[in-house]
Amino acid sequence: MTEPLAQTIDSLRALIDDPSLPGEVRQALTPEFLEIEALIDKLNQQAIHVAVFGRVSVGKSALLNALAGSEAFKVGVLHGTTTTRESTHWTTIDGAGVHLIDTPGINEIDGEAREKLAHDIAGRSDLVLFVVDGDVTAVEAAALRELARINRPMLLVLNKADRFVQSEITALIERLREHAHGLVRAEHVLTASALPARRRVIRIDAAGNERESMEQPEADINAVRQAIVDVLASDGKTLAALNAGLFAGRISDQLGTRITQVRRDVADKLIRNYALGKGVAVGLTPIPLADLAAAAGLDVALVVHLSHVYGLPLTKAEAGELVLKIAAQVVALMGAIWGINAIASALKGVSAGLSTALTAGAQGALAYFATYITGRAAQAYLANGKSWGERGPKRVVEDILKNLDRDSILRDARAEILAKLRA
Ligand SMILES: Nc1nc2c(ncn2[C@@H]2O[C@H](COP(=O)(O)OP(=O)(O)OP(=O)(O)O)[C@@H](O)[C@H]2O)c(=O)[nH]1
Ligand SMILES: [Mg+2]
């Protein structure tokens with residue numbers, strides 16, 4: 001195994017084995033991890049992947065069958081015969097397995113899906129056969145540019161050559177080379193007849209009798225086969241490793257974004273659950289507002305839990321310190337930002353002598369709110385790599401207080417808590 005290939009495999013493994021990812025995050029990333037596993041498998045097998053790309057019914061599946069020498073892929077007159085990615089082994093070149101990848105045809109409308117397919121295919125293949133059956137359409141021209149941008153070696157194949165006479169083929173190839181100028185090398189624009197139309201053949205036997213029959217002419221894909229062999233042989237293995245390396249780079253970027261997103265989602269849910277738990281607990285046993293701080297045990301547990309989600313585990317003592325620090329900011333800021341009406345609005349209706357259930361709901365809602373803010377602030381601290389950043393804790397908490405929709409959070413919290421209490 002070559003050095004860059006081994007390095008690529010190692011770095012992909014490291015992505016999957018990252019010890020800082022807790023179970024919850026890991027679980028949400030299952031599809032991404034499966035994709036990376038598949039890529040690692042591919043690299044370990046050192047297989048070469050050749051994929052087709054092109055409009056529906058240009059003969060992509062037929063071309064692969066002709067290359068494979070078997071009816072591995074379904075060919076059909078209907079548009080959209082191939083609906084999912086399929087692949088089969090091909091004969092081997094220099095002992096390296098070649099996988100042929102069949103793909104659904106691109107259509108005229110869905111540009112976004114087309115782009116995604118192009119990325120998908122290019123990411124998994126070492127060489128792309130872009131198949132057309134005539135001059136390039138606008139959609140094909142766009143797809144050609146997209147694929148070229150991804151930087152895969154590409155052959156542009158004019159299939160169904162049996163439908164044209166030689167002068168037409170010459171003119172078409174010239175047009176295609178113009179279209180693909182700067183995207184596909186001239187010698188990589190080729191013709192093929194993957195599954196030539198059946199022909200009526202009249203034979204005359206020795207006795208002079210005419211016999212008519214329909215015959216299936218042989219496929220002519222030699223130019224394509226030769227070009228594939230040349231491209232791969234020119235440095236097949238390194239090419240595969242290089243491509244996989246490029247793809248691996250893109251995967252790790254995407255995965256980084258996904259991990260951040262999943263961590264945030266998991267943390268959001270945690271914060272709400274803990275806040276609700278605290279709200280319900282306080283609602284069940286209403287305590288004087290001044291003692292709310294004493295009920296900080298849950299907040300500490302929340303912060304410890306969050307620290308694991310962010311892969312930066314805190315001890316209970318550290319989490320306790322963080323909770324106190326946040327609480328201090330909140331206390332200092334509450335008056336400045338909201339005035340006294342924060343509490344008044346939470347308790348709205350209570351003094352009017354309503355039921356204890358409502359009082360409980362209001363106190364619960366405040367408890368919910370306190371935990372919610374603590375969670376958000378701790379989340380900001382952890383997402384920033386266990387740091388308050390240059391602006392310090394006061395500003396971070398201030399931003400959180402300013403930006404959240406206090407009234408709707410209190411209203412929702414109260415409703416949720418009361419629902420729980422009644423149940
Ligand atoms: N005349 C001629 N017809 C061909 C050739 N190759 C394929 N066809 C016909 O073109 C039609 C489509 O072939 P497929 O291989 O199913 O095309 P595809 O690009 O895989 O189509 P989708 O899977 O629907 O995207 C079939 O009717 C084939 O018989 C060829 O070289 N010459
Ligand atoms: Mg097909």
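The residues of the chain are indexed from 1 along the displayed sequence. Whatever order the structure lists them in is the order used to number ligands and atoms, beginning at 1. Computed from a prediction, not measured in an experiment: that's the story for all the values here.
With a cut-off of 2.8 Å, the Mg ion (ligand 2) has an N, O or S atom of S61 in range.
The minimum heavy-atom distance linking V136 with A141 is given by the pair CG1-N, 3.4 Å.
E416 has no carboxylate O lying under 4.0 Å from a charged side-chain N of R272, or vice versa, which leaves the two without a salt bridge. Electrostatic pairing of E37 and R13 counts as a salt bridge here, judged by a charged N lying under 4.0 Å from a carboxylate O.
Considering backbone and side-chain N/O atoms, V58 comes within less than 3.5 Å of an N/O atom of ligand 1. Among the atoms of D102, none of the N or O lies under 3.5 angstrom from an N or O of ligand 1. Ligand 1 has an N or O atom lying under 3.5 Å from an N or O atom of A194, backbone or side chain. Polar contact with ligand 1: absent for V56 (N/O pair, distance under 3.5 Å). Residue K74 has no N or O atom closer than 3.5 Å to an N or O atom of ligand 1. In terms of N/O distances under 3.5 Å, ligand 1 is approached by S57. Polar contact with ligand 1: present for K160 (N/O pair, distance under 3.5 Å).
Which of I106, L195, N65 comes nearest to atom 29 (O) of ligand 1 through a heavy atom is settled by distance: it is L195.
Contact check for L276 versus K420: side-chain heavy atoms found under the 4.5 Å cut-off.
Of all the heavy atoms of N159, the ones lying under 4.0 Å from any atom of ligand 1 belong exclusively to the side chain. Contact annotation for P196 and ligand 1: only backbone heavy atoms (N, CA, C, O) come within less than 4.0 Å of the ligand.
Panel note: side chain Q329, backbone K325; a donor-acceptor pair is recorded below 3.5 Å. Between the side chain of D133 and the backbone N or O of G59 there is no donor-acceptor pair closer than 3.5 Å. A distance-only check finds a donor-acceptor pair linking the side chain of R263 to the backbone of V309 [under 3.5 Å].
Here is the list of ligand 1 atoms found below 4.0 Å of a heavy atom in S193: 31 (O). The distance from ligand 1 to the heavy atoms of G105 drops below 4.0 Å at these ligand atoms: 25 (O). If you number the atoms of ligand 1 from 1 as listed, the ones under 4.0 Å from a heavy atom of A62 come out as 6 (N), 7 (C), 15 (O). Atoms of ligand 1 found under 4.0 Å from any heavy atom of D162, numbered from 1 in the order shown, are 1 (N), 2 (C), 30 (C), 31 (O), 32 (N). Ligand 1 places these atoms under 4.0 Å from at least one heavy atom of R163: 1 (N).
The aromatic rings of F130 and F53 are tilted relative to each other, their planes meeting at an angle between 30° and 60°.
Using modelled atom types, one finds no donor on one side chain facing an acceptor on the other under 3.5 Å when comparing Q261 with D265.
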